[in-house]
There are 2 protein chains.
Amino acid sequence: MIEPAPAAWDNPAEDRGHTKAELTRRRILDAAAKVFRVRGFVGSRLTDIAAEANLQAGSLYYHFASREALVEEVMWAGQLRTEEQVRQQLAALGPEATPMQRLRTAVEAHLLAVLSSTDANSASIKMIGQVPPDIRERLLVGQRAYGDLWRGMLTDARDAGDLRDDVDLSIVRMAIMGALNWSVEWYHADKGNPEKIAADMAVVMLDGLRRRPDGS
Amino acid sequence: MIEPAPAAWDNPAEDRGHTKAELTRRRILDAAAKVFRVRGFVGSRLTDIAAEANLQAGSLYYHFASREALVEEVMWAGQLRTEEQVRQQLAALGPEATPMQRLRTAVEAHLLAVLSSTDANSASIKMIGQVPPDIRERLLVGQRAYGDLWRGMLTDARDAGDLRDDVDLSIVRMAIMGALNWSVEWYHADKGNPEKIAADMAVVMLDGLRRRPDGS
DNA sequence: GTCTATACGAGGATAGAC
DNA sequence: GTCTATCCTCGTATAGAC
């Protein structure tokens with residue numbers, strides 16, 4: 001592979017893509033995610049975001065074409081990161097994991113990604129109902145592979161005979177996503193630790209709230 | 001009780017509070033709920049709402065002090081109506097219903113209220129994360145009695161020995177509300193009939209997704 | 001009560017200096 | 001690359017006629 005000139009080692013600030021512009025760009029994205037997460041899309045002004053990134057509002061336009069381009073990039077980053085974190089946890093389970101183990105892991109990983117990862121993760125969920133239709137549409141298309149992952153886990157579990165067969169799995173999937181995603185509306189740091197919440201949610205979804213004589 | 005003059009029967013348009021102004025006011029509230037439900041708080045302009053109500057934007061100010069006053073009244077109406085519909089279904093069960101029957105009924109009634117009742121019901125849920133902090137705070141205070149209803153049903157069920165005792169009931173409550181409320185983000189009329197969705201959600205929450213040997 | 005017309009502020013976006 | 005200054009659009013809200 002041919003190294004493009006000038007050689008990276010002559011300019012430390014530019015190696016691995018960390019040019020000044022690139023660093024500022026990321027700082028803006030982080031700042032935007034933080035502001036969007038708290039105030040939502042319409043409630044967030046460019047001056048708020050710029051202030052959070054230690055910039056003037058006009059300077060944002062060197063890095064992003066518009067406020068909408070900025071929000072879309074934040075949301076892509078957030079939803080891709082959530083998906084990636086869930087896939088990583090599933091991969092860590094290894095191929096011998098049962099379908100139910102995979103479901104439990106996915107439930108917990110998704111909630112932890114939303115509650116404890118970057119601001120972009122939760123911002124992308126909070127704003128999905130607030131952004132302009134064209135952006136929303138592109139993001140939903142981008143979620144299809146993630147939706148397929150969940151559909152696959154659920155049908156695998158049913159094929160293995162682990163799931164009751166009197167419920168519609170697409171409704172089940174939306175119920176699970178709702179229980180997990182709605183956490184952006186109520187969770188604050190003092191509501192308990194995310195791992196405990198994730199574990200309880202997984203129990204309720206998979207095993208149900210009802211007490212069982214066998215304690216299962 | 002003394003009838004205030006002038007007597008209502010002399011002026012049919014005014015009896016039972018149906019003055020012209022009152023009718024227009026309600027038409028505006030309905031129009032606003034419809035627009036808010038689709039576009040959210042920030043995405044809804046007064047001109048959109050006025051057009052939906054067959055009025056000019058300026059005319060809204062005869063009936064409401066501000067856009068915020070309008071959205072707050074829509075949301076109050078929506079959340080009170082949802083609460084009322086749930087309480088009615090619970091009351092219809094009669095006093096001999098078991099705690100689990102009451103929980104199942106409440107889950108189904110809440111979802112049906114959100115999916116099939118007025119636009120205000122779903123708009124109030126969709127916008128809770130979008131309105132200014134002072135409005136949001138008042139609405140959340142107004143939800144406390146409803147939250148208490150759910151807390152009471154859950155603790156009653158646990159006290160009756162029907163619920164597993166290894167999960168935090170406040171987390172369970174938020175999981176249930178999330179699964180139900182998130183439906184405003186994905187439900188469209190072609191997604192199946194609300195009664196079936198409500199029944200499946202209740203099954204998943206209460207009995208769990210896992211197949212049981214006894215088929216319960 | 002509802003209209004038309006308009007004042008007003010806010011915030012996104014652009015231009016040009018540095 | 002980032003700044004300051006400014007333009008321009010849009011939407012809330014108000015004033016006054018009818």
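Computed over heavy atoms, backbone and side chain alike; hydrogens, waters and symmetry mates excluded. Labels below follow one simple rule: chain letters A, B, ... track the order of the sequence lines, proteins then strands, and each chain is numbered from 1.
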d([atom1], [X]; [atom2], [N]) in whole Å:
X       : N      : atom1 : atom2 : value
B:Phe64 : C:dT2  : CZ    : P     : 11 Å
B:Arg25 : C:dG1  : CZ    : P     : 13 Å
B:His63 : D:dA13 : NE2   : C1'   : 16 Å
B:Leu70 : D:dT12 : CG    : P     : 10 Å
B:Leu60 : C:dT2  : CG    : P     : 10 Å

[X]: partners by side-chain hydrogen bond (donor to acceptor under 3.5 Å, both in side chains), with sequence neighbours left out:
X        : answer
A:Glu68  : none
A:Arg87  : A:Glu83
B:Trp186 : none

Taking the side chain from B:Arg158 and the backbone from B:Leu163, do they hold a donor-acceptor pair closer than 3.5 Å?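 No: the side chain of B:Arg158 does not pair with the backbone of B:Leu163.
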Bend angle of the helix from C:dG1-D:dC18 to C:dC18-D:dG1, from helix axes over five pairs at each end, nearest 10°: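 End-to-end axis angle for the helix from C:dG1-D:dC18 to C:dC18-D:dG1: 0°, rounded to 10°.
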How would you list all residue pairs meeting ring pair (Phe, Tyr, Trp, His ring centres under 6.0 Å) that involve [range], not counting sequence neighbours?
range                       : result
residues 103-124 of chain B : B:His110-B:Tyr146
residues 23-47 of chain B   : none
residues 117-136 of chain B : none

Under 4.0 Å between a side-chain N or O of A:Gln56 and OP1 or OP2 of D:dT4?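 True: A:Gln56 side-chain N/O within range (under 4.0 Å) of D:dT4 OP1/OP2.
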Would you say B:Tyr62 places a side-chain N or O within less than 4.0 Å of OP1 or OP2 belonging to C:dG1?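 The answer is yes; a side-chain N or O of B:Tyr62 sits under 4.0 Å from OP1 or OP2.
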What residues form a side-chain contact (heavy atoms from CB on, under 4.5 Å) with B:Val38, not counting sequence neighbours?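 Here no residue qualifies.
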Sorted by first residue and then second, give each side chain to side chain donor-acceptor pair (under 3.5 Å) pair with at least one member in residues 112-126 of chain B; sequence neighbours left out.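 Qualifying pairs, neighbours excluded: B:Arg37-B:Asp119, B:Arg37-B:Ser122, B:Arg81-B:Thr118, B:Thr82-B:Asn121, B:Gln85-B:Ser117, B:Gln85-B:Asn121, B:Thr118-B:Asn121.
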Just grab all the side chain to side chain donor-acceptor pair (under 3.5 Å) pairs involving residues 52-62 of chain B, residues at least two apart or on different chains. B:Lys34-B:Glu52
For DNA chain D, find the residues of residues 27-39 of chain B with a heavy-atom distance under 4.0 Å and give them by number; none if there aren't any. none
Heavy-atom protein contacts under 4.0 Å, nucleotides 12-18 of chain C, coded B base, S sugar-phosphate only, - none: SBB----
A:Asp168 and B:Lys196 ion-paired at < 4.0 Å: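 Between B:Lys196 and A:Asp168 there is no salt bridge, as every charged N stays at least 4.0 Å from the carboxylate O atoms.
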